[in-house]
2 protein chains.
Amino acid sequence: MTSTEQSGGMRPTKQRRAVVEAMESFADFRSAQEIHELLGERGEPVGLATVYRTLQRLADAGEVDQLRTEDGEAIYRRCSETHHHHLVCRECGATVEVEGPAVERWTRSIAAEHGYGEVSHTLEIFGTCARCG
Amino acid sequence: MTSTEQSGGMRPTKQRRAVVEAMESFADFRSAQEIHELLGERGEPVGLATVYRTLQRLADAGEVDQLRTEDGEAIYRRCSETHHHHLVCRECGATVEVEGPAVERWTRSIAAEHGYGEVSHTLEIFGTCARCG
DNA sequence: TTTTTTGCAAAAGCTTTGCAAAAAT
DNA sequence: ATTTTTGCAAAGCTTTTGCAAAAAA
């Protein structure tokens with residue numbers, strides 16, 4: 001199992017490989033448009049619509065994390081192996097991954113308490129990092 | 001201090017009052033367009049642009065909570081007094097407010113651990129409520 | 001050959017902005 | 001008289017979609 005492997009019914013096209021490889025070339029969150037631009041600079045241009053379609057499928061397949069910025073733009077990042085949350089610097093965007101087993105447990109019990117099932121959650125922490133603060 | 005009071009340099013216009021009052025007529029999150037429509041039905045039509053501008057200012061002033069749906073749409077709700085989180089039904093949108101002092105403490109300590117200051121966070125829990133599940 | 005994917009351009013949807021008229025100070 | 005706010009229509013943006021050509025199975 002290589003890291004560029006894809007799941008399900010996706011045909012391994014040049015474009016899809018390019019997007020997946022691009023996703024592995026950075027560790028923070030990028031917008032679809034930024035990724036599209038990056039691909040162009042790399043000399044592997046992929047149509048913007050294709051970038052959107054590919055990222056959406058990768059997100060559905062759980063192969064990339066998808067977030068929304070405060071102004072509603074979708075941003076994507078390759079997944080790490082375990083479920084975790086993000087500590088993001090408001091100024092420079094520096095991201096730290098944090099795990100929170102306690103939070104996982106808490107959300108599940110709160111949900112159960114109110115009769116909710118199939119629980120998922122999103123938790124993002126914002127702050128000013130040491131360099132920017 | 002009445003509940004329709006406004007802060008800072010906002011002039012108390014008919015439209016602004018209408019938006020603030022509309023916000024107090026429901027307890028869940030609504031989009032700007034829904035609020036605009038609601039105002040029309042109430043017989044107090046307010047221009048869509050004005051609704052957007054007003055909601056933005058109220059959000060900046062901390063008088064309403066602003067969230068993003070999964071597809072990037074901004075939704076608004078009047079603030080309750082205390083900081084809390086939301087347990088939202090994926091199917092019908094039913095919302096329960098939950099408090100989590102433990103979470104507050106945890107996020108602050110995680111952030112401090114990484115040298116981040118001025119911490120804020122967002123936590124939303126999604127699930128299927130008893131009626132929909 | 002049949003099915004999926006691409007790329008382009010057009011459309012969609014939410015949100016913002018320019019500007020002159022109206023309202024508040 | 002000044003300054004802010006409104007409403008409309010016109011952009012602006014990100015994202016989605018239709019469709020014919022290209023690629024994969």
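In what follows, chains carry the letters A, B, and so on, assigned in the order in which the sequence lines appear, proteins first and then strands, with residues in each chain numbered from 1.
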Report the distance from atom CD of Gln56(B) to atom CZ of Arg53(B), rounding to the nearest 0.5 Å.
10.0 Å
In whole angstrom, give the distance that lies between atom [atom1] of [X] and atom [atom2] of [N].
X: Glu70(A); N: dT16(C); atom1: CD; atom2: P; result: 12 Å
X: Leu48(A); N: dT17(D); atom1: CG; atom2: P; result: 14 Å
X: Leu67(A); N: dT15(D); atom1: CG; atom2: C1'; result: 17 Å
X: Ile75(A); N: dT15(D); atom1: CD1; atom2: C1'; result: 15 Å
X: Asp71(B); N: dT15(D); atom1: CG; atom2: P; result: 11 Å
X: Arg57(A); N: dT17(D); atom1: CZ; atom2: C1'; result: 15 Å
X: Gln33(B); N: dT15(C); atom1: CD; atom2: P; result: 6 Å
X: Lys14(B); N: dT25(C); atom1: NZ; atom2: P; result: 13 Å

Short side-chain N/O contact from [X] to OP1 or OP2 of [N], under 4.0 Å:
X: Tyr52(B); N: dT15(C); answer: yes
X: Arg11(B); N: dA22(C); answer: no
X: Gln15(B); N: dA23(C); answer: no
X: Thr13(B); N: dT4(D); answer: no

Is a side-chain donor or acceptor of His36(A) paired with a backbone partner of Val46(A) at a separation under 3.5 angstrom?
yes
Side-chain contact, heavy-atom cut-off 4.5 Å: Glu99(B) with Glu104(B)?
no
Test item: Phe29(B) and Thr69(B) side chains (from C-beta on) under 4.5 Å apart, heavy atoms
no
Side chain of Arg16(B), base of dT5(D): donor and acceptor closer than 3.5 Å?
no
Side-chain donor/acceptor of Arg53(A) to base of dT5(C), under 3.5 Å:
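In this structure, the two groups form no donor-acceptor pair.
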How do Glu73(B) and Val51(A) order along DNA chain C: which one's closest nucleotide is nearer the 5' end?
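Residue closer to the 5' terminus by nearest nucleotide: Val51(A).
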Judged by each residue's nearest nucleotide on DNA chain C, which is more toward the 5′ side, Ala49(A) or Ala49(B)?
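Whichever sits nearer the 5' end wins; that is Ala49(A).
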I need the minimum non-hydrogen distance between Glu73(A) and Ser31(A), along with the two atoms involved.
OE2-CB, 3.5 Å
So what does Gln56(B) touch, heavy atoms closer than 4.0 Å: a base, only the sugar-phosphate, or nothing?
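Here Gln56(B) touches the backbone only, sparing every base.
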